[in-house]
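Below: one structure, written as structure tokens.
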Amino acid sequence: MAIPYNHREIEEKWRKEWEAHPVNIDDGKKPKYYCLDMFPYPSGKGLHVGHWRGYVISDVWSRYKMLNGGHYIIHPMGWDAFGLPAENFAIKMGVHPAKSTAENIANIKSQINQIAALYDWDMEVNTTDPEFYRWTQWIFVKMFQEGLAYEKEMPINWCPSCKTGLANEEVVNGKCERCNSDVTKKNLKQWMLKITKYADRLLADLDKLDWPEKVKKMQADWIGKSYGAEVDFPVEGKEEKITVYTTRPDTLYGATFMVLAPEHAMAAALSVPETKDAVERYIYEASLKSNVDRLQDKEKTGVFTGSYAINPLNGARVPIWLSDYVLADYGTGAIMCVPAHDDRDFEFAKKFQIPIVQVIAKDGKEIENMTEAYTEASGVMINSGEWNGMESAVLKKEAPVMIEKRGLGRKTVNYKLRDWVFSRQRYWGEPIPIIHCPKCGCVPVPEEELPLLLPEVESYQPTGTGESPLAAIEEWVNTTCPVCGEPARRETNTMPQWAGSSWYFLRYVDNKNDKELVSREKADKYLPVDMYIGGVEHAVLHLLYSRFYTKFLHDIGVIDFDEPFVKLFNQGMITGKNGVKMAKSKGNVVSPDDLVRDYGCDSLRIYELFVGPPELDSEWDDRGIDGVYRFLTRLWKLVLDHKDTQTKASKEMLKVRNRMIHDITQRLENFSLNTVISGFMEYNNKMIEMARTEGIDRETLKTVVVLLAPFAPHISEELWRALGEETSVFHATWPEADKEAMADTEKEVAVQINGKTRAVIRIPADSTREEAIAAGKEALGNRLSGNVVKEVYVPGRIINIVMK
RNA sequence: GCAGGAGUGGCGGAAUGGCAGACGCAUCAGACUCAAAAUCUGACGUAGGUGACUAUGUGUGGGUUCAAGUCCCAUCUCCUGCACCA
């Protein structure tokens with residue numbers, strides 16, 4: 001009788017052994033494989049079972065790559081430690097964020113170590129470490145020098161609760177991504193990053209990424225490329241022209257009015273004495289509205305300016321209106337309105353009784369009593385002068401060129417992507433390394449003076465005025481200009497949390513380099529990331545920013561690749577009962593600590609995968625872990641009871657062994673990790689059954705132990721040694737399935753009449769169609785009455801006799 | 001509104017167009033035990049039958065096919081993303 005499975009003892013034993021003799025070693029000859037987790041924010045709350053799942057998935061994949069292919073695995077971990085929670089904690093408790101962050105890191109690190117992943121802590125990085133953010137600042141300086149970082153005063157998204165400006169990507173449905181407060185607009189002088197310069201490459205290069213289609217599509221939609229034309233409309237009685245952007249230049253003849261955003265530079269100037277008050281009031285009221293108000297307005301509002309523009313194509317006089325359904329920062333902030341062929345224009349025209357002119361025939365004719373806009377670009381042009389009779393779909397493409405030729409406008413491409421608002425009016429972030437000199441303008445802090453350290457402050461409280469708490473430290477703010485030496489002032493805003501996470505993955509492989517961000521030699525050897533694993537919530541934030549940073553660093557020669565993450569996997573969330581997100585406030589947080597103590601790390605690792613498909617959300621239910629524990633116990637007993645067996649593998653056993661190799665490997669390659677586990681259970685049951693009847697051989701036992709090693713490293717290592725091996729199971733080679741040994745000599749075939757199974761027979765695997773059908777008919781016996789219309793034989797699976 | 005994904009036992013979930021419900025949880029019965037736990041064996045969609053079995057069954061309604069959870073059309077529900085981008 002074998003000794004019982006004592007998970008605590010063996011897990012502790014092997015953990016010590018692996019620490020003393022690491023199994024993942026770079027000998028300079030092995031191929032590298034870089035498997036990365038999205039690094040965590042070191043929150044005070046610690047890890048729950050949902051965090052675990054992502055880390056287990058990446059570790060299983062890493063260990064699999066180590067065994068299958070003999071890779072040296074780069075599997076680092078670090079801390080995304082700037083950000084609001086630590087700062088808010090500082091405000092409340094008066095503890096410096098660096099201190100609380102350090103404590104949280106220590107705590108989470110010990111929790112992460114319970115996973116027994118391959119993390120190489122020598123590579124650890126921390127975004128708040130001056131030796132790290134020195135390079136975050138260095139990248140900013142380079143961007144400034146390349147003209148990609150610029151200062152601009154404009155109305156930006158402002159979170160009144162966080163008291164800071166936000167990037168577009170951080171505003172979700174008009175609310176702050178972090179605290180869910182309604183976002184307002186505030187006019188502020190901001191540092192901006194010209195991510196739009198990369199819009200085209202960010203879009204086009206999505207094609208070369210092995211990423212979930214969903215994420216690629218989200219990024220493509222976010223970049224939002226559209227093709228169209230700008231058309232210049234002269235304004236009656238004025239010198240200036242108003243330029244509109246349209247994707248439907250084919251409908252130019254149908255433009256019966258024009259609408260400008262209330263923030264348009266010419267908006268106020270277009271009023272006439274009779275409309276002056278109303279126009280000014282509308283502009284003022286629009287400025288007070290939050291994004292949410294704007295989005296929630298069900299009915300369109302607007303005001304007529306009193307001025308008219310001239311349709312450059314047909315000379316028609318079109319009234320100019322102001323309305324907040326036109327966005328100031330997309331296109332030109334002004335649109336031509338074709339109510340017959342655009343839903344929004346139609347609604348507006350109906351409300352304000354503006355004429356509607358149809359220019360595309362629907363089903364060959366003009367619509368009487370139009371009740372909704374006809375928005376398809378298909379049909380023949382009507383009421384369109386020289387364009388009459390053309391196909392609108394064709395004209396849509398040709399019109400921009402025609403307009404450009406006639407000097408009325410130009411062909412253009414537009415993007416929804418906006419430049420990245422990069423200033424934050426908060427304390428706990430990287431200081432932006434810029435000095436404002438009255439004479440020389442904006443001057444970057446010289447490279448040799450980086451890092452520009454974040455100074456101590458007395459109050460972390462955000463000021464709410466649009467300045468960060470740093471502005472209050474006179475002795476820090478006042479400095480001298482590095483160019484002319486005259487008195488100058490430091491930039492007091494800090495960077496957003498995304499700054500460090502946009503490039504941290506490069507630093508891991510050379511984290512102690514004090515000369516460069518990363519040496520070219522190490523970058524060439526270890527980068528880019530082969531597999532990136534994390535939640536889908538960063539689809540357009542972190543993942544877009546990282547691609548932008550990588551392309552920039554590529555362009556200035558730091559690295560020679562321009563996409564950071566070759567392959568991406570998004571794991572689903574683990575939720576509490578009924579799909580409710582795990583949160584302290586909901587009281588449904590499941591901590592891994594107790595489960596590890598009671599069932600062991602190996603059991604929890606396996607159960608994390610067994611709860612459901614890794615890419616989908618799964619509800620956590622503690623009870624299921626018993627099944628996993630039983631499985632490991634049964635396997636434990638099987639191996640130890642037969643470790644000294646002299647049995648030779650039967651043909652049947654060879655079949656089982658090779659099929660197990662094949663199934664487990666294939667499911668693993670498909671990332672179907674939940675069915676890998678059910679596969680292990682299935683084969684385990686089969687092996688136990690066979691061990692009882694005919695005995696089991698050592699080679700089969702060794703095979704299952706190697707296959708299980710990436711999932712349950714401790715028990716696998718223990719059983720591996722029990723089977724007489726001297727070196728670690730992680731130095732073994734992943735077995736390969738022998739296709740011939742897998743083959744059946746006999747097949748079980750269902751015999752059906754009209755698609756309903758009436759018998760099951762066993763026939764030789766090499767039976768011909770005729771032999772099989774004959775055997776099937778025999779099995780059916782006297783059920784087989786009536787006219788046989790058709791006989792279907794699917795080799796090795798089905799015989800179907802169709803009768804009338 | 002637009003786009004994408006999903007709907008299968010009491011539950012989590014399996015099924016290259018080929019015997020639906022693998023694997024696990026829970027439940028029930030049996031063995032072992034003085035007893036319980038653990039372990040082992042078995043049953044476990046629904047309806048009917050003592051029974052081998054029969055019928056029925058993958059959100060709903062149609063269709064294609066010898067054969068549909070899987071493909072096509074329509075429809076309902078839920079989830080995710082985007083949302084006045086002209």
Side-chain angles (χ1 to χ4, degrees), chain A residues 4 172-174 212-215 217-218 220-222 224-226 228 244-249 251 255 258-259 261 294-295 297-298 300 323-327 329-338 341-345 347-348 375 414-418 536-537 539-540 572-573 577 579 606-607 610-613 615-628 630-631 633-634 637 666-667 672 674-685 688 692 748-760 788-803:
Chain A
V172 179
N173 289 328
E213 286 307 314
K214 181 183 163 167
V215 176
K217 195 179 171 307
M218 277 169 76
D221 286 350
W222 189 260
K225 187 176 189 176
S226 68
V244 301
Y245 171 70
T246 180
T247 55
R248 294 297 302 277
T251 63
M258 178 186 275
V259 176
R294 268 197 179 198
L295 287 170
D297 280 344
K298 289 198 179 75
K300 302 238 178 308
S323 175
D324 63 8
Y325 82 87
V326 173
L327 305 176
D329 56 356
Y330 180 76
T332 60
I335 60 171
M336 65 172 212
C337 299
V338 185
H341 304 287
D342 181 277
D343 292 326
R344 296 148 303 182
D345 299 347
E347 190 193 333
F348 195 86
T375 56
N414 239 304
Y415 298 93
K416 287 193 205 175
L417 185 70
R418 315 289 153 85
V536 75
E537 66 273 15
V540 288
M573 219 179 12
K577 258 277 157 262
I606 290 178
Y607 187 57
F610 192 52
V611 285
E615 71 279 8
L616 299 183
D617 292 354
S618 299
E619 284 179 28
W620 187 265
D621 182 355
D622 270 352
R623 287 180 298 184
I625 197 171
D626 284 315
V628 167
R630 280 179 203 135
F631 154 65
T633 309
R634 280 153 62 81
K637 249 177 77 57
Q666 192 163 59
R667 293 174 190 187
S672 178
N674 55 323
T675 61
V676 170
I677 305 304
S678 61
F680 272 122
M681 292 172 169
E682 220 174 325
Y683 282 107
N684 191 40
N685 292 343
I688 289 170
R692 201 158 32 211
E748 213 169 64
V749 176
V751 186
Q752 302 182 329
I753 296 174
N754 293 340
K756 288 197 173 138
T757 302
R758 297 299 174 201
V760 176
V788 175
V789 181
K790 193 170 181 176
E791 291 163 343
V792 179
Y793 176 56
V794 181
R797 286 183 182 274
I798 291 278
I799 295 163
N800 191 10
I801 311 292
V802 185
M803 295 194 304

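As a basis for the values below, the full set of heavy atoms in this structure was taken, side chains included, without hydrogen atoms, waters or symmetry mates.
Rounded to whole Å, atom C1' of B/C84 lies 19 Å from atom NE2 of A/His341. Atom CG of A/Asp345 is separated from atom P of B/A86 by 12 Å (rounded to the nearest Å).
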Original post:
Stepwise, does the side chain to side chain contact (heavy atoms under 4.5 Å, CB included) test hold for A/Val338 with A/Arg248?
Top reply: CA-CA 9 Å; A/Val338 185; A/Arg248 294 297 302 277; over 6 Å; no

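Not one side-chain nitrogen or oxygen of A/Arg630 sits closer than 4.0 Å to the OP1 or OP2 atom of B/G24. Taking 4.0 angstrom as the limit, A/Tyr325 places none of its side-chain polar atoms (N or O) nearer than this to OP1 or OP2 of B/A86. Phosphate contact (OP1/OP2 of B/C82, side-chain N/O of A/Lys416, threshold under 4.0 Å): absent.
Each of B/A55, B/G24, B/U80 was ranked by its minimum atom distance to the side chain of A/Lys214; first place goes to B/U80. Residue A/Thr247 places its side chain closer to B/A86 than to any other of B/C25, B/C40, B/A86. Checking B/C82, B/C66, B/A86 against the side-chain heavy atoms of A/Trp222 singles out B/C82 as nearest. Comparing B/A3, B/U56, B/C84 by their nearest atom to the side chain of A/Lys217 picks out B/A3. Candidate nucleotides B/C84, B/C23, B/C40 were compared by shortest atom distance to the side chain of A/Glu682, and B/C23 ranks first.
The ring of A/Trp620 has its center closer than 6.0 angstrom to the ring center of A/Tyr607.
Across all strands, A/Ser226 comes closer than 4.0 Å only to sugar-phosphate atoms, never to a base (heavy-atom distances). Counting any heavy atom pair closer than 4.0 Å across all strands shown, A/Arg667 reaches no nucleic acid atom.
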**OP:** List the protein contact pattern of nucleotides 7-19 of chain B with one symbol per nucleotide (5' to 3'): B for base contact, S for sugar-phosphate-only contact, - for none; contact means a heavy-atom distance under 4.0 Å.
**Re:** -----BSS-B-BB

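Taking 4.5 Å as the limit, some side-chain heavy atom of A/Ser678 sits within range of a side-chain heavy atom of A/Phe610. Looking at heavy atoms from C-beta onward, A/Phe680 lies out of side-chain contact with A/Asn685 at the 4.5 angstrom threshold.
Comparing A/Asn414 and A/Val172 by the nucleotide of RNA chain B whose heavy atom lies nearest to each, the residue mapping closer to the 5' end is A/Val172. Nearer to the 5' terminus of RNA chain B, by closest-nucleotide assignment, is the contact made by A/Met218 (compared with the other of A/Met218 and A/Thr246).
Base pairing of B/G17 is not made with any nucleotide, judged by Watson-Crick or G-U wobble geometry with both donor-acceptor distances under 3.5 Å. Pair assignment for B/G4: B/C79, on the basis of Watson-Crick or G-U wobble contacts that are both within less than 3.5 Å. In a base pair of the Watson-Crick type (N1 to N3 plus N6-O4 or O6-N4) or a G-U wobble (N1-O2 and O6-N3), with each distance short of 3.5 Å, B/C28 is matched with B/G42.
Comparing the C1' positions of B/C19 and B/C28 gives an interatomic distance of 27 Å, to the nearest angstrom. Using atom P as the reference point in both B/A83 and B/A20, the two lie 46 Å apart (nearest Å).
Every residue two or more places apart in sequence or in another chain that forms a side chain to side chain contact (heavy atoms under 4.5 Å, CB included) with A/Asn684 is listed here: A/Phe631, A/Arg634, A/Leu635, A/Leu638, A/Met687, A/Ile688.
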Between N or O atoms, less than 3.5 Å apart, protein on one side and nucleotides 43-45 of chain B on the other: list the pairs.
none

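The glycosidic torsion of B/G9 lies within 90° of 0, placing the base in the syn range.
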